[in-house]
Amino acid sequence: MARLILQRLAISIVILFAVSLIIFFATVLLPGDPARAILGQQATPERIAAINEQMNLNEPPLTRYFLWLGGLFVGDLGTSVATGQPVSQLLSDRVGSSVVLMVAAALISVPAGVILGIVSALRRGKAVDNTVTGLSLVLAALPEFVVGIALVAFFSTTVFTILPAVTMRPPGTQVWDFPSQLILPIAVLVLVVTPYIARMMRATMLEVLDSGYVEMARLKGVPERRVIFRHALPHAIGPVAQVIAIQLAWMAGGVVVVEFLFRFPGLGQALIDAVDYRDVQVVQAVTMIVALIYVIVNLLADIVGILTNPKLRTGGDA
């Protein structure tokens with residue numbers, strides 16, 4: 001089991017290294033002069049030379065990559081050419097805001113999806129099962145921006161006007177100081193993520209409930225509650241952990257759309273602003289943070305899958 005976990009960790013490190021290569025050279029190889037794009041067509045040669053020196057644009061691309069990668073290892077994300085601030089300082093508040101948004105959505109969507117999937121499986125073919133299955137199909141087919149627009153129209157404009165449509169905070173305050181502004185962004189993420197978890201939990205739970213060892217436990221007179229929570233649920237949660245990881249990892253990227261829709265001051269909004277201003281250092285940093293979250297979530301899901309799967313705990317191959 002320890003060897004399998006170490007293998008997953010090594011693979012995650014390799015993936016992050018490959019992602020860093022793609023991110024860096026994708027931004028470096030963009031057409032045009034970055035310094036002139038930042039400063040405008042009226043920039044003086046002296047200002048262009050200063051920007052080139054600040055961004056190490058005079059160095060060969062491979063040298064610049066290793067300078068950038070070395071900075072990542074010591075927490076130096078570079079300097080924003082648009083604001084002149086260190087990128088780590090510029091993103092510190094935004095990382096916290098996005099993490100609050102994603103953690104709150106995860107704490108709601110994961111238990112809700114698991115519970116709905118279990119209830120649906122236990123009520124197979126009944127009204128509850130049909131309702132959960134139908135709603136999950138509809139919500140799974142809708143993109144997050146459609147869900148967001150529908151919630152804004154319903155709760156902020158035409159029907160009810162009880163929740164703010166955009167996020168606004170005075171300087172020096174945090175987004176969590178105004179809980180009402182968090183409700184709609186969190187609701188969008190929850191409504192997009194929960195259906196996939198519920199559907200996978202239902203399918204896996206049905207498969208486990210039809211298995212031989214669950215039937216044997218029932219024949220031995222084991223109480224139904226114990227059959228579900230002691231025999232069925234532990235075997236069903238392993239495969240579902242992979243789906244949960246995929247959905248939470250999607251949340252790290254999908255939050256960009258949600259933050260843009262609600263003008264939420266998080267990583268997604270920082271990425272959009274950085275692209276608008278051709279702030280390459282911020283684009284690289286935000287993309288690497290999202291990739292890191294994605295890899296960590298999937299690594300944790302792999303570990304959960306190993307711990308809950310007897311074959312992976314004892315076998316030599318994953």
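None of these values were measured; they are calculated from a predicted model.
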List for me each residue that meets side-chain contact (heavy atoms from CB on, under 4.5 Å) alongside [X], sequence neighbours excluded, and say none if there are none.
X    : answer
L107 : V103
A165 : V152, S156
A140 : P195, Y196
A245 : V297, N298, A301

Taking all heavy atoms of [X] and all of [Y], pick out the closest pair and write down the distance.
X    : Y    : answer
L77  : Q281 : O-OE1, 3.8 Å
G113 : M201 : O-CB, 4.2 Å
V190 : A105 : CG2-O, 3.7 Å
P111 : A106 : CD-O, 3.7 Å
L91  : A270 : CD2-CB, 3.9 Å
P185 : L101 : CB-CD1, 3.6 Å

Hey, could you give me each pair passing ring pair (Phe, Tyr, Trp, His ring centres under 6.0 Å) that has a residue in residues 66-86? Not counting sequence neighbours.
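Listed once each, the pairs are F24-W68.
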
Residue pairs fulfilling ring pair (Phe, Tyr, Trp, His ring centres under 6.0 Å) with at least one residue in residues 130-155, sequence neighbours excluded
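Those involving residues 130-155 are F154-F160.
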
[X] vs [Y] side-chain heavy atoms within contact, under 4.5 Å:
X    : Y    : answer
D273 : R94  : yes
V256 : L267 : no
L139 : V192 : no
V110 : L248 : yes

Mind checking whether L69 and L62 sit in one hydrophobic cluster, side chains of I, L, V, M, F, W, Y counted as touching below 4.5 Å?
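Same hydrophobic cluster.
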
Rounded at 0.5 Å granularity, tell me how far [atom1] in [X] sits from [atom2] in [Y].
X    : Y    : atom1 : atom2 : value
L209 : L122 : CG    : CG    : 6.0 Å
M288 : I22  : CE    : CD1   : 10.5 Å
M200 : M205 : CE    : CE    : 13.0 Å
L271 : Q284 : CG    : CD    : 11.5 Å
N130 : L135 : CG    : CG    : 11.0 Å

Of all residues at least two apart in sequence or in a different chain, which pass the side-chain hydrogen bond (donor to acceptor under 3.5 Å, both in side chains) check with S20?
Y65

side-chain contact (heavy atoms from CB on, under 4.5 Å) assessment of M102 paired with I293
CA-CA 11 Å; M102 290 186 287; I293 295 173; 4.1 Å; yes

So, applying side-chain contact (heavy atoms from CB on, under 4.5 Å) with F262, which one of L182, L184, V257, V166 is it?
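Of the listed residues L182, L184, V257, V166, the side-chain contact (heavy atoms from CB on, under 4.5 Å) partner of F262 is L184.
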
So side chain to side chain donor-acceptor pair (under 3.5 Å) across residues 256-265, not counting sequence neighbours, yields S98-E259

Qualifying side chain to side chain donor-acceptor pair (under 3.5 Å) pairs, either residue in residues 99-126, two or more places apart
S120-D129, S120-R202, R124-D210

Looking at S92 and Q89, would you say the former's side chain and the latter's main chain have a donor-acceptor pair under 3.5 Å?
yes

Report yes or no: does T194 contribute a side-chain atom to a donor-acceptor pair with the main-chain N or O of L191 at less than 3.5 Å?
no

Quick one: hydrophobic cluster around V119, which other residues, with the 4.5 Å side-chain cut-off, linked directly or via members?
I115, L116, V128, V132

